[in-house]
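Here the structure comes first, spelled out in structure tokens, and everything after it is commentary.
To find a chain, count down the sequence lines: A is the first, B the second, and so on, and within it residues start at 1.
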Protein chains: 2
Amino acid sequence: MPESHKPETAPQPPHESAGVSTLLDTIGLSDFLCFAIYSTSHAFNRVYKPLLDELGLTYPQYLVMVALWAENDQTVGGLGAKIFLESSTLTPLLKRLEALKYVSRRRDSGDERVVRVSLTDEGRALRQRAHDVPRCVLEASGLSETQLRRLQAEITQLRENLHKAGV
Amino acid sequence: MPESHKPETAPQPPHESAGVSTLLDTIGLSDFLCFAIYSTSHAFNRVYKPLLDELGLTYPQYLVMVALWAENDQTVGGLGAKIFLESSTLTPLLKRLEALKYVSRRRDSGDERVVRVSLTDEGRALRQRAHDVPRCVLEASGLSETQLRRLQAEITQLRENLHKAGV
DNA sequence: GAAAAATACATCGCGCTCGATTTAATCGAC
DNA sequence: GTCGATTAAATCGAGCGCGATGTATTTTTC
């Protein structure tokens with residue numbers, strides 16, 4: 001717990017030529033990568049919302065559907081590992097998808113601890129109705145597919161780093 | 001509402017040489033930029049949590065404190081414009097910061113509609129205790145400051161694009 | 001200067017997210 | 001086979017986030 005003794009509060013002009021530690025003292029919100037990610041995540045959500053409203057889905061529900069369209073019949077834990085969500089988040093979310101008739105939830109007959117999540121016919125059919133969603137979002141992003149892929153790869157790498165650090 | 005009639009569900013191998021529209025049919029979660037952002041946002045949160053727990057703050061509360069350290073005495077609306085949050089989110093959050101004695105909330109005497117949020121002495125003092133947080137997170141990110149700044153700028157641009165699209 | 005419109009914040013309901021804990025089933029050691 | 005440890009989901013409480021709505025104050029319009 002370092003106890004430096006420097007002046008506080010007043011909006012200081014940024015020191016362009018300062019070293020890292022000094023920079024970290026004088027930065028504002030806009031300098032935080034985490035804030036850029038945080039706020040962009042919300043911005044994506046706002047773009048998705050009107051598109052997903054038509055399907056009756058929220059964004060995390062949509063992610064689950066995408067995962068199931070790619071591979072049907074997954075466990076709660078398996079979905080959580082892919083989407084990085086805990087069962088405490090997924091269980092109620094999946095119950096809502098079940099209430100919407102898009103998925104079914106059944107205990108695995110071989111291992112009664114496991115719950116298997118599968119697409120219903122309506123869940124499968126939804127894929128067609130959701131067909132244009134990624135294209136609409138791609139357009140809203142204003143990025144070329146090349147830019148997008150590079151950015152996607154860099155951020156995914158960043159996520160891996162953070163996971164490793166979070167041991 | 002496009003009504004194509006193609007086979008569904010089974011995990012198809014990605015067509016490396018396919019055009020955009022076909023690509024969008026066969027992608028999985030890992031191909032979505034929005035998912036990379038979404039999951040990395042959560043990953044950041046997990047890195048921040050143990051650091052902020054010591055200060056009694058959540059991540060969005062920390063953002064408000066950062067904003068106030070940069071410029072004291074801001075309105076609810078002004079904070080919301082910077083952090084991209086609605087009053088429905090900020091009002092209860094600010095009340096919690098007030099309960100923690102880090103900020104005070106007062107109606108503006110000139111315009112009684114406005115609530116001004118200011119740092120308390122404890123809120124100012126917290127800045128010292130939070131001094132190492134950005135450095136810890138920077139280290140966890142595993143990025144050089146150069147990489148970090150470039151990525152931060154690109155994502156901020158992306159956020160601006162999404163805001164424009166979301167008219 | 002009174003009525004209408006706009007502004008700033010607060011309230012409410014719903015869903016997401018997590019950590020901590022609980023419950024049930026399976027696996028391992030013996 | 002039984003006890004203990006492990007595993008998989010579910011449950012609970014707290015906080016975030018938003019859209020819709022409400023309330024009080026200000027500004028605008030006439």
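Both E86(B) and R105(A) sit near DNA chain D, but only R105(A) has its closest nucleotide nearer the 5' end.
Counting all heavy atoms, side chain and backbone alike, I155(A) lies closest to I155(B) at CD1-CD1, 3.9 Å. A pairwise comparison of heavy atoms in D73(A) and L68(A) identifies N-CD2, 4.2 Å as the closest pair.
Put simply, the side chain of Q157(B) reaches to within 4.5 Å of the side chain of N161(B), judged on heavy atoms. With contacts defined as side-chain heavy-atom distances shorter than 4.5 Å, the pair T75(A)/V117(A) does not qualify. E154(A) has its side chain within reach of E154(B): a pair of non-hydrogen atoms, C-beta onward, lies under 4.5 Å apart.
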What pairs of nitrogen or oxygen atoms, one from the protein and one from nucleotides 11-15 of chain C, lie under 3.5 Å apart?
{"unit_1": "dT11(C)", "atom_1": "OP2", "unit_2": "K95(B)", "atom_2": "NZ", "d": "2.6"}

What does the list of N/O pairs under 3.5 Å between the protein and nucleotides 21-27 of chain C look like, with a distance for each?
{"unit_1": "dT26(C)", "atom_1": "OP1", "unit_2": "E112(A)", "atom_2": "N", "d": "3.1"}

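One atom, CZ of R106(B), and another, C1' of dC9(C), lie 17 Å apart when rounded to the nearest Å. Taking atom CG on L63(B) and atom P on dG15(D), their separation rounds to 17 Å, with Å as the unit. For L93(A) and dT17(C), the CG to C1' distance is 11 Å, given to the nearest whole Å. Separating the CG atom of L97(B) from the P atom of dG15(D) is a distance of 11 Å, rounded to the nearest angstrom. Atom P of nucleotide dA9(D) and atom CD of E98(A) are separated by 14 Å, given to the nearest angstrom. I83(B) places its CD1 atom 11 Å from the P atom of dC18(D), with the value rounded to the nearest Å. Atom CZ of R116(B) and atom P of dT7(C) are 18 Å apart (whole Å).
The backbone N or O of E112(B) lies less than 3.5 Å from a partner atom in the side chain of R107(B), making a donor-acceptor pair.
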Which pairs of donor and acceptor atoms, one on a side chain in residues 76-91 of chain B, lie under 3.5 Å apart (sequence neighbours left out)?
{"unit_1": "K82(B)", "atom_1": "NZ", "unit_2": "E71(B)", "atom_2": "OE1", "d": "3.1"}
{"unit_1": "K82(B)", "atom_1": "NZ", "unit_2": "Q74(B)", "atom_2": "OE1", "d": "2.8"}
{"unit_1": "T91(B)", "atom_1": "OG1", "unit_2": "S87(B)", "atom_2": "O", "d": "3.0"}

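Note on L90(B): nothing from the nucleic acid sits closer than 4.0 angstrom, heavy atoms only. The residue L85(A) sits close only to the backbone: its heavy atoms come under 4.0 Å of sugar-phosphate atoms, none of a base.
Residues from residues 39-49 of chain A lying near DNA chain D, meaning a heavy-atom separation below 4.0 Å, are H42(A), R46(A) in numerical order.
Contact annotation: Y38(B) does not reach the phosphate of dG17(D) (side-chain N/O to OP1 or OP2, under 4.0 Å). The shortest distance between the side-chain N/O atoms of Y59(B) and the OP1/OP2 oxygens of dG15(D) is not below 4.0 Å.
Listed by chain and number, the residues in a ring-ring contact (aromatic ring centres under 6.0 Å, His included) with Y62(B) are Y48(B) (sequence neighbours excluded). With sequence neighbours left out, F35(A) forms a ring-ring contact (aromatic ring centres under 6.0 Å, His included) with no residue at all.
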Going through the distances and angles, do Q152(A) and T156(A) end up as a side chain to side chain donor-acceptor pair (under 3.5 Å)?
-> CA-CA 6 Å; Q152(A) 189 273 326; T156(A) 300; 3.0 Å; yes
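A 6.0 Å sphere centred on CZ of R106(A) holds no more than 12 heavy atoms belonging to other residues, nucleotides or ligands.
For Y59(B) and F44(B), the distance between ring centers is not under 6.0 angstrom.
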